[in-house]
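Data block below; observations after.
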Amino acid sequence: MIRTVESQPSASAPVLAAYSYCETVTGQQARNFAYGIRLLPTPKRRAMSALYAFSRRVDDIGDGPLPEDVKAARLEDTRALLTRIREGAVEEDDTDPVAVALSHAAAHFPIPLGGLDELIDGVQMDLRGETYETWDDLKVYCRCVAGSIGRLSLGVFGTEPGARGVERASEYADTLGLALQLTNILRDVREDAENGRTYLPADDLAKFGCADGFAGPTPPQGSDFAGLVHFEVRRARALFAEGYRLLPMLDRRSGACVAAMAGIYRRLLDRIERDPEAVLRGRVSLPGREKAYVAVRGLSGLDTRHVARRTVGRRD
């Protein structure tokens with residue numbers, strides 16, 4: 001069982017400034033993520049912002065315009081920084097606010113920092129231009145770049161004492177990460193293609209006549225693009241259904257945070273299913289009012305209660 005404390009960890013002025021920087025980064029660059037973590041108590045919200053800011057740094061290295069060898073060197077520098085954080089070697093007056101904030105968070109929550117090593121591994125896979133023949137191959141990548149974030153987040157959330165099936169909490173957090181990442185892959189299929197990246201499994205693309213890729217705003221001629229999208233949507237929905245079993249294991253506000261973030265992506269999935277070709281025309285997103293509704297729904301506990309009833313029903 002993973003447990004955390006709700007009391008505010010003591011923090012010096014430099015640490016609070018470092019957290020403030022991370023929260024600014026999160027609010028500006030991760031609006032879906034920010035909608036969820038605003039439901040958390042302050043200590044957990046700050047810790048999640050520190051995790052996001054570090055993860056964003058890794059992603060930005062991979063997605064940036066630098067030469068490949070420079071990117072590779074910077075990823076190794078970031079891995080070395082993570083080692084310093086893990087060893088408690090970052091001082092509060094360090095000039096890197098992300099390192100300061102994450103060091104403080106890791107000292108107060110049982111965050112499995114090895115998940116950030118996995119994230120770096122995933123970005124290195126992108127630099128190598130890896131493609132994926134099967135879903136099992138793609139899952140390895142998704143677990144590095146998203147399942148790891150689910151497991152890291154669980155270190156901040158903790159689990160409720162006496163929760164049923166809590167020994168599988170990390171597995172469910174990992175699965176939710178896969179669901180979110182597959183939704184991201186569907187949403188960004190055109191943008192990724194323009195950047196020379198293909199994530200959907202090659203055998204799925206071939207099955208639906210999409211092996212030529214997605215270079216334009218219309219599907220490949222003669223393909224069943226809608227069939228491909230609906231196939232992947234069903235896969236993502238199955239992952240969401242499994243990962244949602246984490247919700248009853250969390251306290252009310254952590255559960256609300258997870259339900260809000262996952263709920264936003266599930267609604268994105270609904271939009272993609274209704275109009276598959278929309279992902280070739282531009283970025284599919286939700287309006288702010290709909291995100292707010294999902295956040296309120298998460299805070300109400302509706303999703304958690306639904307999952308709890310369904311889980312109990314399966315055992316009866």
Side-chain angles (χ1 to χ4, degrees), residues 32 59 62-63 118-119 121-150 171-245 261-287 290 294:
N32 291 343
D59 285 341
D63 293 336
E118 292 180 59
L119 175 62
D121 291 342
V123 174
Q124 288 176 327
M125 293 168 74
D126 280 336
L127 293 189
R128 293 194 297 268
E130 293 196 17
T131 55
Y132 309 96
E133 290 296 316
T134 67
W135 167 237
D136 284 340
D137 295 333
L138 180 59
K139 276 196 295 188
V140 174
Y141 171 77
C142 289
R143 285 208 159 94
C144 284
V145 299
S148 61
I149 303 302
E171 174 189 335
Y172 295 141
D174 182 274
T175 300
L176 265 183
L178 265 64
L180 268 60
Q181 185 62 23
L182 183 53
T183 304
N184 269 334
I185 287 171
L186 285 173
R187 182 192 62 184
D188 298 339
V189 66
R190 169 79 184 280
E191 179 181 337
D192 289 333
E194 291 174 346
N195 290 326
R197 293 177 181 172
T198 300
Y199 292 103
L200 290 175
D203 58 2
D204 292 352
L205 295 174
K207 185 187 307 180
F208 293 95
C210 296
D212 290 340
F214 312 105
T218 57
Q221 188 172 4
S223 69
D224 181 12
F225 181 73
L228 171 67
V229 170
H230 291 154
F231 178 80
E232 303 297 350
V233 165
R234 288 193 297 273
R235 176 176 278 157
R237 284 219 173 98
L239 293 168
F240 274 118
E242 182 72 5
Y244 259 49
R245 299 181 73 172
M261 288 190 287
I264 288 171
Y265 279 84
R266 287 182 75 182
R267 283 174 175 258
L268 282 173
L269 206 59
D270 291 341
R271 289 192 170 211
I272 292 169
E273 182 181 40
R274 288 194 299 269
D275 183 8
E277 292 186 23
V279 298
L280 298 178
R281 298 191 298 267
R283 192 178 183 87
V284 178
S285 62
L286 297 184
E290 193 166 351
V294 173

Would you sort out whether Glu118 and Arg143 count as a salt bridge (Lys or Arg N to Asp or Glu O under 4.0 Å), showing the intermediate values?
CA-CA 8 Å; Glu118 292 180 59; Arg143 285 208 159 94; over 6 Å; no
Begin from the C-alpha positions of Val229 and Glu277 and carry the test side chain to side chain contact (heavy atoms under 4.5 Å, CB included) through to its verdict.
CA-CA 9 Å; Val229 170; Glu277 292 186 23; over 6 Å; no
Gly177 to Ala146 - nearest heavy-atom pair and separation
O-CB, 3.2 Å
Criterion ring pair (Phe, Tyr, Trp, His ring centres under 6.0 Å) on Tyr244 and Tyr172, from CA distance to verdict
CA-CA 7 Å; Tyr244 259 49; Tyr172 295 141; over 10 Å; no
Heavy-atom pair of closest approach, residues Tyr132 and Asp137:
CD2-O, 3.7 Å
Spacing of Arg190 atom CZ and Phe214 atom CZ [to the nearest 0.5 Å]:
11.5 Å
May I ask you to check whether Phe208 and Phe231 place their ring centers less than 6.0 Å from one another?
yes
Ion pair check, Asp204 and Arg235, cut-off under 4.0 Å:
yes
Go through the steps to decide whether Asp192 and Arg187 satisfy the test salt bridge (Lys or Arg N to Asp or Glu O under 4.0 Å), and finish with yes or no.
CA-CA 10 Å; Asp192 289 333; Arg187 182 192 62 184; over 6 Å; no
Do Asp270 and Tyr265 pair up side chain to side chain, a donor and an acceptor below 3.5 Å, judged on atom types alone?
no
Please report the shortest heavy-atom distance between Gly209 and Ser223, naming the atom on each side.
O-CB, 3.1 Å
Give me the atom names and distance for the closest heavy-atom approach of Leu200 to Ile185.
CD2-CG2, 3.7 Å
Rounded to the nearest 0.5 Å, the CG atom of Leu228 sits from the SG atom of Cys210 at a distance of 5.0 Å
Less than 4.5 Å apart, side chain to side chain, heavy atoms only: is that true for His230 and Pro276?
yes
How far apart are the closest heavy atoms of Val189 and Val279, and which atoms are they?
CG1-CG2, 3.6 Å
Under-4.0 Å salt bridge between Asp188 and Arg197:
no
Can we say Arg281 and Asp275 salt-bridge, meaning some charged N sits less than 4.0 Å from an Asp/Glu carboxylate O?
yes
Show, in sequence, the C-alpha distance, side-chain angles and deciding distance for Thr218 and Leu280, and conclude whether the side chain to side chain contact (heavy atoms under 4.5 Å, CB included) test is met.
CA-CA 6 Å; Thr218 57; Leu280 298 178; 5.6 Å; no
How long is the gap from CG on Leu239 to CG on Leu269, to the nearest 0.5 Å?
10.0 Å
What distance separates Lys139 NZ from Asp174 CG, expressed to the nearest 0.5 Å?
10.0 Å
Closest heavy-atom pair and its distance - Ala179, Ala236:
CB-O, 4.0 Å
When you check the gap from the basic side-chain N to the acidic O, do Arg237 and Glu273 get nearer than 4.0 Å?
yes
Determine, for Glu290 against Arg267, whether the closest basic-nitrogen to carboxylate-oxygen distance falls under 4.0 angstrom.
yes
Does the side chain to side chain contact (heavy atoms under 4.5 Å, CB included) test come out yes or no for Thr183 and Leu180, once each step is laid out?
CA-CA 5 Å; Thr183 304; Leu180 268 60; 5.7 Å; no
Is it true that Asn184 and Tyr199 share a donor-acceptor pair across their side chains at a distance under 3.5 Å?
no
Would you give the length of the straight line joining atom CG of Leu268 to atom OG of Ser285, rounded to the nearest 0.5 angstrom?
7.5 Å
